[in-house]
Amino acid sequence: MALRIYNSLTRSETEFQPLEPGKVRMYVCGITSYAPSHIGHARAYVAFDVVYRWLKRHYLVTFVRNFTDIDDKIIKAAHANGEDPMTLSERFIRMFGEDMNELGNAVPDVEPRVTTHIPEIVRMIETLEQQGFAYRLDGDVYYEVKKFQAYGRLSGRSLDQLEAGARVEVDERKRSPYDFALWKAAKPGEPFWDSPFGKGRPGWHIECSAMAEKYLGVRFDLHGGGKDLLFPHHENELAQSCAAHGTPEFANVWMHNGFVNLMPEGCPKCEAAVPEGAKVEAGLTCAACGYLFTEEDFKMSKSRGNFYPIREVLARYEGEALRLFFLTTHYRKPINFSHVLLEDAEKRLDKNYETLQEIERFTTQQTFTPGKSFAGIFGFDPLEKFKEAMDSDFNTAVALAEAAEVFRLANDLLRGDENKRLGRVLSPEETSRLLLDCQEMIRSMGDILGLWQAEPRAYLERRKIAKSSSLTMTPAQIEALIVERKEARNRKDFRRSDQIRDELKAKGIVLKDAKDGSTTWTVEES
RNA sequence: GGUGCCGUCGCCAAGUUGGUAAGGCAUAGGUUUGCAAAACCUACAUUCACCGGUUCAAAUCCGGUCGGCACCUCCA
């Protein structure tokens, strides 16, 4: 089956055909580095990371994601704390890199910055000026949207419609309120570069056009970003690039991811609206379902302005859990951010790693004999269905369902008694071989989704430590009680052994007895 | 005012070129266990906001109603 992608430009899902056989060139709009990146960024870049990984399976991909490192907001933020704009920008770029790493996102092939591409930008503005698409105004240079026939094609609006809406503040000097700055004259105290238009800096939009051209050419395959960028950012990029290149097309396929919505003023669990005048604060319960509001819920409601920094989330949850949470919803649909859902994702991930650990334990202790493959024995191939899901406009929700099937089968195999699906008992050798197949499938799916790549033992150990922070006992004390319980069990003193179990349970520690007689412990999440 | 999206089990969420409802969490019963935990098995939407239409057949198409959201201004 061929890969089909929803194209914002045509508003339809179509089969993907690279411009150049075997190769894909993609551009994704990066951040403006003036503040810590938020969960909206996290979702967008996880979504496009999966796109990148999937495309890499079939093509030689060049992935470009820029940094807009000079901009009004950066200058403003820098002035606010008496810092050099470049220093501030650099700091947030570094933070962004750390956040992306925690989320398991691959590093793009090129991460160009505006400030190191001023000549390319200036050259493009000059071209636009020569072609009659730009005009100068008091040291600024503007793009004249009326000169570009197809303006509005991407976002599906006409200039007439836009002007009827008229929510932009009107700058009387401009020929149209929708004309946008290609170059901005420097005000005193602002950073600037010399140019034929005077001292100044690039406007927003032009940097992406110039850098895309430099690294990907006049035409390329994919252009991505958040839904909010569709207008005006992408519309303007398209207008600039086509005008400067004298071509009717720019990116072949435009992809836009849906938003992360923060919870409204209501209960995060049952979504019951908070009655007028009622107080919502941490420690109170929801009248409808009894859910206990936490500090975070409250904070989230207050910060509807999109500011939930990635690192605040990562301080409490595994980056991989946040990733899994995003992937349970198709990338184009909006997703509601909530702690309840994130905890679900984290629990699911913990169980996945427990299964992976069990597989490892079993298969390293057991030899296997070659024989029929997984698909040959079970009569179906989860990997094929997984691929079909990915080919359907990157349907990670369905892909995840296929992965869940493999995990269930692996657990079934690990039980060691009659296999329910096959209706017979498998030999250890056969079980081992099938488990290795499962492991291989999970690794392979995970390689695309950016999940399940950690060493299970290391992951589980880290989780245990993270969850232990609220514990009143040290691991050594716990281990000592486990030893005592084992002795009690050996002499069949179940009263004492259960007493120890209950004691630990009360402190949030759950014991797990394995078949081989060993006992492990996990921390119950509060 | 303009443009677009969405409303599927208690919660999250697939499915919309029409053909008889994926998966996860939760819940109930069972197997297993000295007891647990985990795991596995079984059950859990004759129904897809509502109303009407097209059709042999609709969650999927058409019209309408109600409800939620986004964009048109910086924003992933």
Side-chain angles (χ1 to χ4, degrees), chain A residues 11-13 28-32 34-35 37-48 71-73 152 155-158 160-169 177-178 204 224-233 235 256-261 264 268-271 289 305-307 324-325 328-330 332-336 338 340-341 343-345 347-348 351 354-355 358 385 389 392 395-405 407-421 489 492 494-495 497-498 501-502 505 510-515 519-522 524:
Chain A
R11 274 158 227 112
S12 63
E13 193 181 297
V28 173
C29 289
I31 55 155
T32 297
Y34 73 103
S37 298
H38 53 73
I39 50 175
H41 294 116
R43 193 212 185 167
Y45 299 126
V46 165
F48 287 107
D71 161 274
D72 292 352
K73 292 190 292 284
S155 55
R157 325 159 196 249
S158 66
D160 292 345
Q161 277 176 1
L162 285 166
E163 283 172 6
R167 271 174 62 186
V168 281
E169 77 234 56
Y178 286 93
W204 186 42
K227 221 164 204 154
D228 53 327
L229 293 183
L230 219 153
F231 188 89
H233 185 59
E235 190 71 63
H256 294 95
N257 66 275
F259 269 33
V260 175
N261 296 135
K269 193 179 176 190
C270 71
E271 288 199 281
C289 71
N306 249 348
F307 271 98
L324 176 61
F325 162 69
T328 53
T329 302
H330 184 91
R332 277 192 285 119
K333 285 189 77 173
I335 189 169
N336 286 333
S338 95
V340 177
L341 262 20
E343 273 156 23
D344 266 9
K347 262 196 291 187
R348 188 169 168 179
K351 287 181 180 179
E354 274 168 28
T355 300
E358 291 305 310
K385 295 170 91 177
S392 306
N395 196 331
T396 53
V398 171
L400 243 15
E402 295 313 322
E405 178 84 353
F407 277 107
R408 199 180 323 109
L409 270 162
N411 282 325
D412 187 11
L413 289 164
L414 282 164
R415 300 186 78 223
D417 45 34
E418 183 192 274
N419 184 276
K420 288 291 194 303
R421 198 178 281 262
R489 290 177 75 206
K492 304 258 190 251
F494 296 122
R495 218 171 63 87
S497 87
D498 287 351
R501 175 194 291 291
D502 293 343
K505 176 84 195 260
V510 180
L511 299 183
K512 203 184 273 193
D513 297 328
K515 275 194 174 147
T519 299
T520 55
W521 58 277
T522 54
E524 205 172 50

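The basis for the numbers below is simple: all heavy atoms, side chains too, and nothing from hydrogens, waters or symmetry mates.
- Residue contacts for R43(A): at a heavy-atom cut-off of 4.0 Å it reaches no nucleic acid atom on any strand shown.
- Closest heavy-atom contact between R348(A) and A404(A): NH2-CB, 4.3 Å.
- Using atom C1' as the reference point in both U47(B) and A22(B), the two lie 16 Å apart (nearest Å).
- Nucleic acid contact for S497(A): base, since at least one base atom lies under 4.0 Å from a heavy atom of the residue.
- Under the Watson-Crick and G-U wobble criteria, each requiring two contacts below 3.5 Å, nucleotide A57(B) is left unpaired.
- In this structure, R43(A) and T329(A) have side chains that are in contact, with non-hydrogen atoms separated by less than 4.5 Å.
- Closest of all the heavy-atom pairs between P334(A) and N261(A) is CB-OD1, 3.5 Å.
- In this structure, L409(A) places its CG atom 15 Å from P of A39(B), rounding to the nearest Å.
- Comparing the C1' positions of G24(B) and U8(B) gives a spacing of 15 Å, expressed to the nearest Å.
- You'll find that the side chain of A397(A) is closest to A22(B), out of C12(B), A22(B), A38(B).
- The partner of U27(B) is A43(B), judged by Watson-Crick or G-U wobble contacts that both fall below 3.5 Å.
- Protein atom CD1 of I335(A) is 7 Å distant from nucleotide atom P of A13(B), rounded to whole Å.
- Across A345(A) and L324(A), no two heavy atoms sit closer than the pair O-CD2, 3.4 Å.
- Nearest to the side chain of L341(A), among A26(B), C12(B), A76(B), sits C12(B).
- Backbone-only engagement by R408(A) is indicated by non-hydrogen atom pairs under 4.0 Å involving sugar-phosphate atoms exclusively.
- U60(B) and U54(B) have their C1' atoms separated by 14 Å, with the value rounded to a whole Å.
- Under the Watson-Crick or G-U wobble criterion, with both distances below 3.5 Å, A70(B) is paired with U3(B).
- More than 12 heavy atoms of other residues, nucleotides or ligands shown are found within 6.0 angstrom of CZ on R11(A).
- Taking atom CD on E235(A) and atom C1' on G4(B), their separation rounds to 14 Å, with Å as the unit.
- Across all strands shown, C9(B) forms no Watson-Crick or G-U wobble pair with both distances under 3.5 Å.
- Salt bridge R408(A)/E405(A): present, at least one basic N to carboxylate O contact under 4.0 Å.
- At a threshold of 4.0 angstrom between heavy atoms, the contacts of K227(A) with the nucleic acid are absent.
- The CZ atom of F259(A) sits 15 Å away from the P atom of C69(B) (whole-angstrom rounding).
- Nucleic acid contact for H233(A): none, since no nucleic acid atom lies under 4.0 Å from a heavy atom of the residue.
- Partner assigned to C35(B) is none, using Watson-Crick or G-U wobble distances below 3.5 angstrom.
- A donor and an acceptor atom sit less than 3.5 Å apart, one in the side chain of R501(A) and one in the base of C35(B).
- Pairing each heavy atom of N257(A) with each of F48(A), the nearest pair is OD1-CE1, 3.6 Å.
- The distance from atom CG of D412(A) to atom P of A39(B) is 13 Å, rounded to the nearest whole Å.
- Between Y45(A) and A76(B), no base-stacking contact is recorded for ring centres under 5.5 Å apart and planes less than 30° from parallel.
- Closest approach of L162(A) and Y178(A) over heavy atoms only: O-OH, 3.1 Å.
- At a cut-off of 3.5 angstrom, counting only N and O atoms as typed in the model, there is no donor on one side facing an acceptor on the other between the side-chain of D160(A) and the base of G2(B).
- Of the candidates U31(B), A76(B), C72(B), C72(B) carries the atom nearest the R157(A) side chain, counting heavy atoms from C-beta on.
- Backbone-only engagement by A404(A) is indicated by non-hydrogen atom pairs under 4.0 Å involving sugar-phosphate atoms exclusively.
- Rounded to whole angstrom, the span from the CG atom of N257(A) across to the P atom of A76(B) amounts to 10 Å.
- Closest to the A401(A) side chain, of the nucleotides A22(B), A13(B), A36(B), is A22(B).
- Counting heavy atoms from C-beta outward, R489(A) and T519(A) have side chains that approach closer than 4.5 Å.
- Within the shown strands, nothing qualifies as a pairing partner of A14(B) under the Watson-Crick or G-U definition with both distances less than 3.5 Å.
- For K351(A), a side-chain nitrogen or oxygen approaches OP1 or OP2 of A39(B) to under 4.0 Å.
- An OP1 or OP2 oxygen of A14(B) is reached within less than 4.0 angstrom by a side-chain nitrogen or oxygen of K333(A).
- The side chain of N261(A) contributes no N or O atom lying less than 4.0 Å from OP1 or OP2 of A70(B).
- Where D71(A) and S155(A) meet RNA chain B, the nucleotide closest to each residue was compared, and S155(A) sits on the side nearer the 5' end.
- Rounded to an integer number of Å, the gap from NZ of K385(A) to P of A14(B) is 18 Å.
- Contact annotation for K492(A): no contact, since no heavy-atom pair falls under 4.0 Å across all strands.
- Rounded to a whole angstrom, the distance from the C1' atom of C61(B) to that of A45(B) is 23 Å.
- Annotation: A58(B) and U20(B) have their C1' atoms spaced 10 Å apart (nearest Å).
- In the set A13(B), A76(B), G34(B), A76(B) carries the atom at the smallest distance from any side-chain atom of H38(A).
- Using Watson-Crick or G-U wobble geometry with both donor-acceptor distances under 3.5 Å, C50(B) finds its partner in G64(B).
- Each of R11(A) and H41(A) has a nearest nucleotide on RNA chain B; the 5'-most of these lies closest to R11(A).
- Distance from the side chain of E354(A) is smallest to A38(B) among A76(B), A14(B), A38(B).
- Taking atom P on both nucleotides, G15(B) is separated from G34(B) by 46 Å, rounded to a whole Å.
- To the nearest whole angstrom, the two P atoms, one in U55(B) and one in C50(B), are 23 Å apart.
- Atom CG of D344(A) sits about 9.5 Å away from atom OG1 of T328(A), to the nearest 0.5 Å.
- If you check every strand for non-hydrogen atoms under 4.0 Å, K73(A) touches sugar and phosphate atoms only.
- The P atoms of C12(B) and A57(B) are separated by 34 Å, rounded to the nearest whole Å.
- F494(A) comes within 4.0 angstrom of a base, heavy atoms only.
- Contact annotation for L229(A): backbone-only contact, meaning every heavy-atom pair under 4.0 Å involves sugar-phosphate atoms and none involves a base.
- Residue N411(A) has its side chain nearest to A39(B) when only A39(B), C35(B), A26(B) are considered.
- D513(A) comes within contact range of at least one nucleobase, with a heavy-atom separation under 4.0 Å.
- For the pair Q161(A) CD and G4(B) P, the computed distance is 8 Å after rounding to whole Å.
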